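Keep in mind it's a predicted model, so treat the numbers as computed, not measured.
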Amino acid sequence: MTRQERGRPLVGRSVPRREDRRLVSGRGRFVDDIALPGMLHAQFVRSTVAHGEIMSMDLSAVRRVPGVVAAFAADDLAIADITAQLGRPRSQFVPTAMPVLARDKVRYVGEPLAIVVGLDAYAAEDGLEAAHVEYAPLPPVLGEETALADDAVLVHDEAARNTLVDVSLFATDGIDDIFDAAHRVVEVDVTTGRQNALPLETRGAVAHWDDREEQLLLQTCTQVPHQVRTVASRCLRLDERAVRVVVPDMGGGFGQKCVVGREEIAAAAAALRLGRPVKWIEDRKDALSASFLAREQHYRARAAFDTDGRILALDADVVCDMGAYSCYPFTAGIEPLMASAEMPGVYKVPAYRVRGRAITTNKAPTAPYRGVSRPQYVMVVERLFERAARELGLDPVEIRRRNVITDFPYTGVNDITYDPGSYLESLNLCERVVRDEGWYDTRTAAAAEGRHIGIGYACFSERTGYGSSAFAQRKMQVVPGFDISEVRMDTSGAVTVTTGTMSHGQSHETTMAQIVADALGLDIARVRLHQGDTDRVTYGWGTFASRSITVGGSAVRLAAERLGDKLRAIAAALWDTEPEQVELAGGQVRRQGGDGAHDVLTHQEIADVAYLRADLLPKDIEPGLTATATFDVFNDGTFSNATHGVVVELHQGTGQVEILRYVCVEDCGVAIHPQVVEGQCRGGIAQGIAGALYEEVTYDAVGEPSATSFMDYKVPTAQEIPEVSIHHLETPCAFTATGAKGAGEGGTIGAPAAVLNAVNDALRPTGTELDHTPITPQTVHRALNPEPAP
């Protein structure tokens with residue numbers, strides 16, 4: 001850093017990232033890098049049927065396999081179940097216990113039945129082959145139609161019609177009359193395929209008992225270490241003090257790792273039983289088919305419009321296939337409740353009615369995945385506007401202009417108050433970029449040549465910074481929200497900061513250090529972040545829902561400011577002046593207005609007094625340099641917003657969808673590190689495109705998942721993902737200490753709707769409209785090459 005740069009604020013600059021050198025040079029430390037003396041390796045006997053009663057399970061042959069040390073079934077370990085709860089009546093929510101190891105019944109292919117522990121991973125794998133399990137198969141429940149049938153087979157006996165959640169959050173009085181009197185009513189029936197979040201690093205854990213500390217050390221790749229500690233202590237019947245969860249470097253999560261899984265708890269139980277470290281690393285087959293999955297939703301929605309294209313009412317029925325169990329701590333309610341509460345989005349919707357349901361089926365359970373229902377409901381609402389524009393003869397962008405929220409703060413029909421954003425500005429800028437680049441002319445010229453080029457848009461907001469009150473509205477019994485940070489300066493003037501958030505690729509080591517360094521006037525190299533260690537971090541809710549900078553970063557900022565106040569107070573006492581006359585900048589502590597050497601102190605000199613010369617401190621200042629702060633969002637959260645514009649070409653011979661241009665105009669408030677924000681946008685857009693065009697987990701008639709390798713699960717490569725043009729707007733947030741709003745999920749939220757709208761625009765000459773993702777080449781080919789009528 002040059003002398004000229006040293007005086008400039010770090011927040012808002014793309015400074016070199018602190019993590020990069022370690023990670024790109026191979027010095028990262030991930031769960032599978034951990035090796036401990038005497039360590040054993042575990043794998044799981046998993047169900048081979050989707051639904052059935054366990055008649056018998058014989059592990060005796062497993063224990064005789066060379067290299068196998070032990071094999072445990074549920075009764076051998078006596079682990080308590082994992083049960084996620086909502087504080088709702090039985091008519092709205094049915095809790096279901098998820099056993100760590102299945103006992104009497106299996107509910108999906110891949111459900112863990114027993115843990116096999118071997119001297120190495122190969123022995124453990126060999127042991128799996130010797131397990132003998134007999135089932136009494138039951139008919140599998142594999143979708144909405146069979147799950148909700150009157151005579152449906154039940155996945156859980158306590159859940160009638162296989163319904164875990166059935167909530168109608170909003171129903172405006174007189175909404176049926178509004179639809180009856182409307183100039184135009186449009187309808188859509190939208191479905192989205194089941195997906196895998198697919199982090200590069202699969203799940204894994206290393207567990208061992210530390211005799212000296214009398215503590216279970218569980219090293220695992222999780223986004224929520226404190227929640228894992230809580231569940232592990234309860235399942236294993238240990239004091240929470242006796243469980244320490246540590247997260248090393250982590251290769252992605254995307255929500256799949258923000259819930260508590262069964263396997264890490266079972267591995268910990270085996271380690272306690274055997275008195276030796278146990279490692280479990282999920283293989284790719286299990287990661288694809290038996291880990292937490294996502295999406296698979298069905299929306300039946302309609303909207304009423306007046307003659308000018310202004311929306312009058314929105315009515316939706318939402319069904320989310322949540323698989324076999326509720327995830328902890330969010331429950332099966334996370335998807336339908338998210339969709340129900342936030343569907344009106346960026347539009348001024350005067351009347352609203354919604355019913356949200358979560359059904360249970362014989363598929364792997366779902367967890368939150370980047371966007372959490374928002375990619376789906378945004379696609380639904382954007383499809384309604386596209387259809388209304390077509391039927392009313394309006395330009396698709398113009399109908400959005402007439403309906404987006406422009407006056408802030410705005411309280412919607414969903415009882416949510418939106419903080420100021422740039423909804424109209426982002427829409428206008430995105431369209432201008434696409435138009436100025438000549439894509440509208442290209443579309444016209446292509447049509448004359450018989451080519452199929454389409455342009456699509458999606459406008460949306462991303463609710464970020466969910467605080468305790470927002471989660472409490474869902475009636476969660478475990479209410480995430482706040483975050484705690486401690487900022488501590490040592491005698492050398494260097495700083496250690498803790499956060500309850502957990503990085504899995506978002507550059508927290510850099511962005512949190514930027515915030516602290518600015519607040520204390522320090523060189524960023526002197527700030528060190530600690531995260532992901534439940535013994536070193538007081539408490540935290542981890543990383544999900546774009547909360548790291550909005551909530552975690554705000555706690556860091558407040559703690560750093562409090563420490564800065566103490567530094568100023570000590571300096572003021574030494575100079576016999578007021579703290580307001582002391583500034584922290586450029587790596588120094590300065591007395592304002594002074595220009596002599598005696599008007600400047602180093603942070604180390606202040607720290608020396610705080611720790612080593614307490615006799616020089618005034619009586620009202622305690623020794624030491626430590627400050628702690630908590631932060632919570634007590635309003636309805638913060639709202640980032642964006643507009644995505646996409647240009648596609650459909651190839652008639654193959655049905656392939658080629659993305660020619662992708663434009664993103666985003667507003668996440670203050671961007672702490674613009675390069676990181678752009679990385680979040682690009683990564684999120686790649687995952688959104690994957691859901692729009694490529695990725696889907698399907699099941700055969702007996703419940704066997706189709707995707708067990710990358711031969712079966714189509715993941716886009718760099719070849720399929722286009723260059724993304726990103727344009728930034730900035731509306732600082734008044735509700736966070738940093739002015740940031742969060743940027744983690746926006747790319748994924750907007751991409752499916754924008755791509756789908758572009759494909760439908762390209763299909764306009766055929767009269768075909770698509771309302772399902774992923775959009776396959778076969779579907780496009782059929783639309784472009786219809787069979788002649790008989």
Side-chain angles (χ1 to χ4, degrees), residues 30-32 42-47 72 74 77 79-84 96-102 106-116 196-207 216 218-236 243 245-248 250-271 278-294 322-332 334 363-369 478 502 504 532 534 541-544:
F30 298 85
V31 170
D32 202 22
Q43 283 299 331
F44 289 87
V45 177
R46 296 182 181 273
S47 172
F72 301 117
L77 295 177
I79 310 170
D81 295 344
I82 302 172
T83 305
T96 53
M98 181 168 66
V100 172
L101 297 173
V106 292
R107 293 181 172 89
Y108 63 94
V109 172
E111 181 163 14
L113 302 171
I115 182 170
V116 177
N196 194 308
L198 209 68
L200 184 63
E201 180 194 21
T202 60
R203 298 180 301 152
V206 176
L216 171 70
L218 179 57
Q219 299 180 80
T220 184
C221 48
T222 178
Q223 297 167 231
V224 289
H226 286 86
Q227 281 73 270
V228 172
R229 181 183 68 178
T230 295
V231 172
S233 68
R234 294 179 182 182
C235 286
L236 301 173
V243 179
V245 176
V246 175
V247 184
M250 181 160 46
F254 310 119
Q256 187 182 79
K257 298 175 183 175
C258 79
V259 297
V260 181
R262 309 156 83 169
E263 290 88 349
E264 55 258 49
I265 307 300
V278 172
K279 175 191 279 191
W280 164 70
I281 300 296
E282 183 179 52
D283 65 25
R284 188 57 69 181
K285 177 184 176 182
D286 290 343
L288 281 166
S289 60
S291 190
F292 290 99
L293 302 180
M322 302 302 290
Y325 297 99
S326 273
C327 64
Y328 184 95
F330 301 101
T331 79
I334 184 168
K363 303 171 185 174
T366 65
Y369 174 35
V478 175
M502 185 62 232
H504 47 280
T534 58
W541 289 103
T543 291
F544 53 87

Tell me every residue that passes side-chain hydrogen bond (donor to acceptor under 3.5 Å, both in side chains) with Asp81, counting only those two or more places apart in sequence or in another chain.
Arg103
Give, for atom [atom1] of [X] and atom [atom2] of [Y], the distance between the pair rounded to the nearest 0.5 Å.
| X | Y | atom1 | atom2 | value |
| --- | --- | --- | --- | --- |
| Ile281 | Gln43 | CD1 | CD | 8.5 Å |
| Lys363 | Glu111 | NZ | CD | 15.5 Å |
| Ser291 | Glu263 | OG | CD | 7.0 Å |
| Ile79 | Ile265 | CD1 | CD1 | 8.0 Å |
| Phe44 | Leu101 | CZ | CG | 6.5 Å |

List the atom of [X], the atom of [Y], and the distance in Å for their closest heavy-atom pair.
| X | Y | answer |
| --- | --- | --- |
| Glu201 | Val31 | OE2-N, 3.6 Å |
| Ala267 | Val278 | O-CB, 3.9 Å |
| Phe292 | Gly261 | CE1-CA, 3.9 Å |
| Ala84 | Ser326 | CB-CB, 4.3 Å |
| Gly251 | Pro199 | O-CB, 3.8 Å |
| Cys235 | Val100 | SG-CG2, 4.4 Å |

Within the 4.5 Å heavy-atom criterion, are [X] and [Y] side-chain neighbours or not?
| X | Y | result |
| --- | --- | --- |
| Arg46 | Val109 | no |
| Phe254 | Leu198 | no |
| Val116 | Val45 | yes |
| Asp283 | Thr202 | no |
| Pro365 | Tyr108 | yes |
| Ile115 | Leu77 | yes |

Quick one: does [X]'s side chain have a donor or acceptor within less than 3.5 Å of a partner on [Y]'s backbone?
| X | Y | result |
| --- | --- | --- |
| Lys279 | Asp32 | yes |
| Thr543 | Met502 | yes |
| Thr534 | Val245 | yes |
| Thr331 | Cys327 | no |
| Thr220 | Thr222 | no |
| Gln223 | His504 | no |
| Ser233 | Thr230 | yes |

Does the pair Lys257/Glu264 count as a salt bridge with the N-to-O cut at 4.0 Å?
no
Would Asp286 and Arg203 pass as an ion pair if we require N to O under 4.0 Å?
no
Is the gap between the ring centers of Phe544 and Phe330 under 6.0 Å?
yes
Given Thr96, Leu293, Ile334, the one that forms side chain to side chain contact (heavy atoms under 4.5 Å, CB included) with Met322:
Ile334
Quick check on side chain to side chain contact (heavy atoms under 4.5 Å, CB included): which of Val478, Thr83, Val259 does Tyr328 satisfy it with?
Val478
Flag for Asn196-Gln256: side-chain donor and acceptor within less than 3.5 Å
yes
Find out whether the Lys NZ or Arg CZ of Arg262 is both under 6.0 angstrom from the six-membered ring centre of Tyr325 and within 45° of the ring's axis.
yes
